*Asks:* 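Got a structure for you, written out below as structure tokens; questions coming shortly.
The model shown is predicted, which means the values in this text are computed figures rather than measured ones. Below, chain A is the first sequence line, B the second, and so on; all start at residue 1.
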There are 2 protein chains.
Amino acid sequence: MTQYKGQEHYLVAVDCIIFGFDGEHLNLLLIKRGFEPKKNKWSLMGGFVQPTEDLDGAAKRILHQLTGLKGVYLEQLKAFGQPKRDPEERTISISYFALIDINQYKEKISDTYAAEWFPLKKYPKLIFDHDKMIELAKGRLRYKASLHPILFELLPEKFTMPQLQNLYEDVYDTSFDKRNFSRKVLSTSLLVKLNDKDMSTSKKGAFYYKLNKKQYTENFHSFLKFIPNPDHLL
Amino acid sequence: MTQYKGQEHYLVAVDCIIFGFDGEHLNLLLIKRGFEPKKNKWSLMGGFVQPTEDLDGAAKRILHQLTGLKGVYLEQLKAFGQPKRDPEERTISISYFALIDINQYKEKISDTYAAEWFPLKKYPKLIFDHDKMIELAKGRLRYKASLHPILFELLPEKFTMPQLQNLYEDVYDTSFDKRNFSRKVLSTSLLVKLNDKDMSTSKKGAFYYKLNKKQYTENFHSFLKFIPNPDHLL
DNA sequence: ACAAAAGTGTTTAGCGTACACCCATGA
DNA sequence: TCATGGGTGTACGCTAAACACTTTTGT
């Protein structure tokens, strides 16, 4: 029967898939790796788990190092542990995905890391198994967003109905009827209509909404149906 | 910027939450731990990740060691990494949950481990954070089973409609209208009706069904609606 | 003949979808 | 005044839920 003695020890890392929405498309925040192996290759932001922190703590720290942000939506995705995934030394990586308001990142951008946003639909080759992580995260995002109001995490405090719909349409690579979409969204009472308009994208202007935080947190786990036929879109 | 050198290494383990259904209730397979610390305490079946195997491989191996079974439904649940979760030495544990046909286990039971089935509703205190893992697995099972036909993994090849309904009712701790239930289930064409009956639980007997494997694997990810108001049951 | 569990159909209400026109404004 | 994007209402079909009686057979 197994004992502790003589067991192999491994490096344990955390990698973050960071999503942002620029109003048009879903984007991915990547960095140029700063050390060997694969120095200067594109990579997810990551780091090793330190002795005093837990896994969520490590992910939060890493996200904060890059973006300067705290209180961001962050969720453990999956542990990756192929023996050779890191050619330097066996490393188990726990991947997390994060949803951030891209505008907030712009304000606090760190220049310690050479970070850049890439459209999710066209990002560069990445080191190790990081592309696998991203594809998995994309699937998980679609899956979860088809059931829960998770995409609001990507929007600024104030946003318009067309913006919200654009976001959903970009995530699912499709288009929805705007009448049905807004009716469904509003029927959840997740949104509060504000009195001012965004005049930047049309002549008429579009009313701003903000999240009803209470409703949002209390009913986060309820199943929504914003997406007509989600089966085939995931 | 972070380098590999000087980083701490940790033990990496896999723990399996193993569910089985005895026709009445959902059960959990636990073992008496065979080594210190916490020797002879109840525990999930687990083991350390070996140098040549990946995480899924480790989980499969561990499940096989205990049950003698292969090809079992197995899904990564979550990585646990609190610094002190194992008092002996820092160990990152990747938890998996497995769904097995309890009858198959009985045939192949291993006596290397002191294993026992416990009702999910009343299981003993477990070592470390294993109870947290179980509660999480229970939630995940409910969540997933409300959308996908995952519970069939717990049933034998041939099963009856009342058996299936009992299973769902036990998982969600509620009861369903049998007319609506069977109609919904049959409408998916996931089941094939057989010609023989189970005569053991009633005088009339209940027809056996088996899974339509093709339908099952092809449409596994489609969303089902066997459960009336899942929101409040998860 | 009776008890115990299996099996089966219909009605109704609410939800989800499809669909088209008016509004407000800046140019 | 016209072009552009924003905003809104209705009709219909389908699905999901509620609900009760008949069948089988062992005792």
Side-chain angles (χ1 to χ4, degrees), chain A residues 23-24 146-147 149 155 158-170 172 174-210 219 222-233, chain B residues 23-24 146-147 149 155 158-170 172 174-210 219 222-233:
Chain A
E24 286 269 315
S146 77
L147 298 165
L155 293 169
K158 296 189 332 184
F159 52 88
T160 66
M161 196 57 76
Q163 269 172 49
L164 181 64
Q165 186 168 346
N166 281 342
L167 171 54
Y168 273 86
E169 292 184 342
D170 189 60
Y172 293 98
T174 183
S175 59
F176 305 112
D177 182 283
K178 62 181 173 176
R179 289 163 291 189
N180 292 335
F181 183 81
S182 87
R183 180 154 14 89
K184 281 192 212 177
V185 171
L186 293 174
S187 76
T188 61
S189 56
L190 277 168
L191 296 191
V192 180
K193 190 172 188 172
L194 303 179
N195 285 322
D196 52 336
K197 286 180 162 186
D198 169 21
M199 302 304 291
S200 69
T201 49
S202 77
K203 310 182 172 172
K204 188 179 180 184
F207 279 105
Y208 280 118
Y209 291 84
K210 64 171 186 179
N219 297 323
S222 300
F223 289 139
L224 300 177
K225 285 163 207 162
F226 293 169
I227 321 289
N229 285 314
D231 286 18
H232 310 291
L233 301 171
Chain B
E24 286 269 315
S146 77
L147 299 165
L155 292 168
K158 297 189 333 183
F159 52 87
T160 66
M161 196 57 76
Q163 269 172 48
L164 181 65
Q165 186 168 345
N166 281 343
L167 171 54
Y168 273 86
E169 292 184 341
D170 189 61
Y172 293 98
T174 183
S175 58
F176 305 112
D177 181 282
K178 62 181 174 176
R179 291 162 290 188
N180 292 335
F181 183 81
S182 87
R183 181 154 14 85
K184 281 192 211 177
V185 171
L186 293 174
S187 76
T188 61
S189 57
L190 276 167
L191 297 191
V192 180
K193 190 173 188 172
L194 302 179
N195 285 321
D196 52 334
K197 286 180 162 187
D198 169 21
M199 302 304 291
S200 69
T201 49
S202 77
K203 310 183 171 172
K204 190 179 179 185
F207 279 105
Y208 280 117
Y209 292 84
K210 64 172 185 178
N219 297 324
S222 300
F223 290 139
L224 300 178
K225 285 164 206 161
F226 293 169
I227 321 290
N229 284 314
D231 287 16
H232 310 291
L233 302 171

*Asks:* For A:Lys178 and for B:Phe226, locate the closest nucleotide of DNA chain D by heavy-atom distance; then report the residue assigned to the nucleotide nearer the 5' terminus.
*Replies:* A:Lys178

*Asks:* Measure from CD on A:Glu169 to C1' on D:dG5 and round the result to the nearest Å.
*Replies:* 14 Å

*Asks:* Give a yes or no on whether the ring-centroid distance for A:Tyr168 and A:Phe176 is below 6.0 angstrom.
*Replies:* no

*Asks:* Counting only heavy atoms not in A:Glu24, do more than 12 sit closer than 6.0 Å to its CD atom?
*Replies:*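 Atom CD in A:Glu24 is not packed in, count stays at 12 or less.
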
*Asks:* Of all of residues 194-209 of chain B, which get a heavy atom below 4.0 angstrom from DNA chain C, listed by number?
*Replies:* B:Thr201, B:Ser202, B:Lys204, B:Gly205, B:Ala206, B:Phe207

*Asks:* Specify the separation, in whole Å, of atom CZ of A:Arg179 and atom P of C:dC22.
*Replies:*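 Taking atom P of C:dC22 as the reference, CZ of A:Arg179 is at 13 Å.
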
*Asks:* In whole angstroms, how far is the C1' atom of C:dT8 from the CZ atom of B:Phe181?
*Replies:*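 My rounded result for the distance is 16 Å.
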
*Asks:* Do B:Met161 and B:Leu186 make a side-chain contact, defined as non-hydrogen atoms from C-beta onward lying under 4.5 Å apart?
*Replies:* yes

*Asks:* Heavy atoms, side chains only, cut-off 4.5 Å: are B:Lys197 and B:Ser202 in contact?
*Replies:*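 B:Lys197 vs B:Ser202: side chains apart.
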
*Asks:* Just how far, in rounded Å, is P of C:dA5 from CD of B:Gln165?
*Replies:* 14 Å

*Asks:* Would you say NZ of B:Lys210 has more than 12 non-hydrogen atoms from neighbouring residues, nucleotides or ligands within 6.0 angstrom?
*Replies:* no

*Asks:* Is there a side-chain contact between A:Thr201 and A:Thr160 in this structure, where contact means two heavy atoms from C-beta onward sitting under 4.5 Å apart?
*Replies:*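 In short, these two side chains do not touch, never coming nearer than 4.5 Å.
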
*Asks:* Round to a whole Å and report the spacing from CZ of B:Phe159 to C1' of C:dA6.
*Replies:*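 Distance, rounded to whole Å: 16 Å.
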
*Asks:* Listing time: all N or O pairs from protein to nucleotides 11-17 of chain C that are below 3.5 Å?
*Replies:*
unit_1 : atom_1 : unit_2   : atom_2 : d
C:dT17 : OP2    : A:Lys184 : NZ     : 2.7

*Asks:* Could you tell me how far apart A:Leu186 (CG) and D:dG7 (C1') are, to the nearest whole angstrom?
*Replies:*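 Distance, rounded to whole Å: 11 Å.
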
*Asks:* Is any side-chain heavy atom of A:Asn166 closer than 4.5 Å to a side-chain heavy atom of A:Phe159?
*Replies:*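 Sidechains of A:Phe159 and A:Asn166: no contact.
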
*Asks:* What pair of heavy atoms forms the shortest contact from A:Lys204 to A:Met199, and how long is it?
*Replies:* O-CE, 3.8 Å

